[in-house]
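Below: the structure, in structure tokens.
So that the names make sense, note that chain A is the first sequence line, chain B the second, and so on, each numbered from 1. Just so it is clear, the values below take in all heavy atoms, side chains as well, and ignore hydrogens, waters and symmetry mates.
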Amino acid sequence: MVTTRRRNATSEVTAAKNTNIEDELSELAAESSPTTSNFIFKGVSYNSYEEMVKAKRMFNNEMLKKSGLLEASASFRENASGVTMKKVQASQRGLRVDRKRKDPTVPLSRRKSSRIAGVQADGMYIEDERSGGRIVIGAAGSSSALIPSEKVYFDDEKDKFYNNRVNDGSDLTIQDAVELVGHKWMKNTSVKNAEHCFETLSKLRDEISPTGSKEKASCSLVNQVDRMSVDNEKCVAKVVPDRIHSVAFHPSEHKLIAVTGDKKGYLGFWEVDALPTENDSETDGVTLFKPHAGAINSLEWNKSGSKLLSLSYDGTVRLFDINRQVFTEAFAAYDNSDEFKSKLGYGMDEGSKFYTQYACYDHRNEECIFLSTSLGGTGHIDLRVGKMTFDLSLSNKKINSVSLHPNGHTLATAGLDCEVNLWDIRKFTGLQSGSKLKPFTTQISSRSINSAFFSPSGKNLLTTTMANTLDIISDAHLQNGLIKNPNQRIKHHNQTGRWLSTFMAQWHPTATNEELFVVGSMSKPRRMEFFDGSTGEMIKGLDGECLTAVASRCCFHPSTRNLIALGGNSSGRLTIAR
DNA sequence: CTGGTTATTAAGGCG
DNA sequence: CGCCTTCCATAACCAG
């Protein structure tokens with residue numbers, strides 16, 4: 001596309017003959033002697049390079065004027081300064097780097113180039129290098145005894161853990177998890193702040209009734225959508241340093257606490273309405289931890305708000321346990337080396353391109369977890385007995401989401417194989433991991449599927465696809481065979497590209513009388529979109545002064561009384577809509 | 001069918 | 001203000 005456009009542009013330039021500029025150019029050339037020069041532009045020689053460049057510039061400028069591009073660009077800028085397109089600075093609330101603080105760690109010495117120094121290379125080369133990770137050294141066909149003929153791995157520091165994880169899998173205390181954020185984000189008050197955050201959370205634990213709030217909403221949730229806004233500057237804060245991969249709300253109705261996980265494994269807590277006190281005046285209610293070494297792609301609170309599940313690409317699932325005040329490791333994938341034989345995730349890491357992709361609580365019993373991997377594996381972990389109930393290969397491509405129907409036995413998986421598959425997990429127990437299985441129902445898309453979730457009522461299955469659709473299938477769990485057409489197909493631009501997390505449309509987690517969902521959007525001005533899942537209609541595209549970037553990952557607060565939504569963007573900022 | 005390469009995309013940080 | 005980096009996303013394409 002780009003290359004053809006460029007080609008057209010140049011051909012226009014060369015085709016434009018018989019212009020005044022040509023005459024001017026020849027005048028300019030006449031001043032210079034034509035015979036001895038090497039500086040030639042459009043068949044005319046110039047005395048010096050500078051003169052030729054001058055001529056070239058004149059020609060280009062003239063062409064630009066003639067093309068009308070200058071006017072077009074000027075009028076575009078005028079429009080851009082208007083209301084709709086104005087560039088807004090991102091919110092500075094929340095995490096900030098203190099540039100005055102000095103990094104106490106000694107910087108690594110610069111590597112020197114042997115080639116430039118004129119030194120004979122030793123045949124070793126660096127095949128793959130990741131900051132802080134393993135370095136793979138390959139030897140380019142050398143047979144010298146000093147140089148290994150095979151690839152060798154060596155770690156640049158001694159105490160590295162499997163897959164560069166934060167530790168060996170033992171519990172992380174509050175202090176551990178805070179200190180892991182590193183110097184850049186660490187403050188003198190960080191540990192104290194984190195302890196305060198824990199304290200707040202443990203107080204909330206006692207206030208949550210396990211059955212949820214009994215109070216009825218003043219009006220239906222769908223009607224509340226219209227009242228929502230994102231105009232107050234206090235509805236945005238930077239909560240994690242990097243791109244957001246997951247968002248969740250603590251279930252408390254008394255205090256609004258949002259959590260989010262980013263690309264690097266940071267986990268941020270935000271007490272949204274925290275009053276500026278002595279402790280947190282600098283943090284705007286934000287507390288940062290780093291319990292993982294890779295992107296935190298799933299985050300979910302249990303119903304009582306005592307445990308936060310987090311899954312990371314580093315191959316681990318952790319539980320932030322408020323009662324025990326630690327981050328415990330609930331699951332970790334390992335390769336098939338003997339030393340890991342006793343581990344729950346033994347042999348799951350098949351090496352290249354393996355990572356854990358998605359995890360969620362099993363709502364029949366929150367001591368159990370569903371898990372999916374980049375290689376198409378799907379598992380069910382029973383934490384009570386420390387066993388995998390099943391561990392099956394349900395696809396040969398990555399599985400992006402797993403969702404259990406409220407009936408307790410229909411499982412929907414969706415991913416890169418462009419399929420949404422429904423399985424009866426009652427048939428899974430006891431099966432060997434190599435078993436060949438067939439889903440009882442499949443929906444096939446032309447592109448891969450970002451997510452497929454059952455609504456809390458179980459009535460609808462909502463899928464977000466790279467074919468730019470949001471599909472709603474009613475009573476999918478009752479169907480058999482191939483689902484040809486969804487009941488609703490909403491056109492929705494889902495090409496988030498490489499730098500934004502993919503969209504995953506999310507249901508309101510507790511509303512069973514209304515089918516309400518939220519999804520991020522690429523439209524400008526930036527907005528969060530709310531849909532009625534029973535009609536497939538967009539209720540509202542919520543934009544506002546504080547929504548300056550695409551909210552790729554969104555979710556609702558579980559409260560059925562007050563409708564509150566949360567969006568996370570690619571710079572670690574959270575936006576609250578209420 | 002698999003492995004390799006490249007295009008696309010948004011947004012903050014920095015000079 | 002404009003250039004630079006991001007790089008465990010996907011898809012489309014090509015070669016073997």
Rounded distance (Å) that lies between atom P of dT9(B) and atom CH2 of W499(A): 12 Å
Using a cut-off of less than 4.0 Å, is there contact between a side-chain N or O of R526(A) and OP1 or OP2 of dA11(B)? yes
Describe the nucleic acid contact of N400(A) in one word from base, sugar-phosphate, nothing, applying a heavy-atom distance below 4.0 Å. sugar-phosphate
Apply salt bridge (charged side-chain N to carboxylate O under 4.0 Å, His left out) to R526(A) and list each qualifying residue two or more places apart in sequence or on a separate chain. none
Classify K398(A) by what it touches in the nucleic acid, base, sugar-phosphate, or nothing, heavy-atom distance under 4.0 Å. sugar-phosphate
Verify the contact: side-chain N or O of Y355(A) to OP1 or OP2 of dA9(C), cut-off strictly under 4.0 Å; return yes or no. yes
Assess the side chains of T465(A) and T469(A): does a donor N or O sit below 3.5 Å from an acceptor N or O? yes
Euclidean distance, atom CG of residue D262(A) to atom P of dT6(C) [Å, nearest integer]: 16 Å
For the pair made of CD1 in I244(A) and C1' in dG12(B), what is the distance, rounded to whole Å? 14 Å
Taking atom P in both dC13(C) and dT9(B), what distance in whole Å separates the two? 16 Å
Between K238(A) and dG12(B), is there a side-chain N or O to OP1/OP2 distance below 4.0 Å? no
Result for 5'-nearest mapping on DNA chain C, choosing between D242(A) and M466(A), is D242(A)
Do side-chain atoms of T464(A) reach the backbone of S451(A) as a donor and acceptor pair under 3.5 angstrom? no
Rounded to the nearest Å, what distance is computed from the CE atom of residue M522(A) to the C1' atom of nucleotide dA11(B)? 11 Å
Regarding S523(A) and H493(A), do their side chains bring together a donor and an acceptor under 3.5 Å, going by distance alone? no
For the pair made of CZ in R165(A) and C1' in dC8(C), what is the distance, rounded to whole Å? 14 Å
What integer distance in Å separates F503(A):CZ from dA10(B):P? 10 Å
Could you tell me whether the side chains of N297(A) and Y355(A) share a donor-acceptor contact shorter than 3.5 Å? no
Nucleotide dT10(C), atom P - distance to CG of L500(A) in whole Å: 13 Å
So, is R447(A) close to the dA12(C) phosphate, meaning a side-chain N or O under 4.0 Å from OP1 or OP2? yes
Measure the distance from CD on E419(A) to C1' on dT10(C) and round it to the nearest whole Å. 17 Å
Can you tell me if the side-chain N/O atoms of S448(A) get under 4.0 Å from OP1 or OP2 in dA11(C)? yes
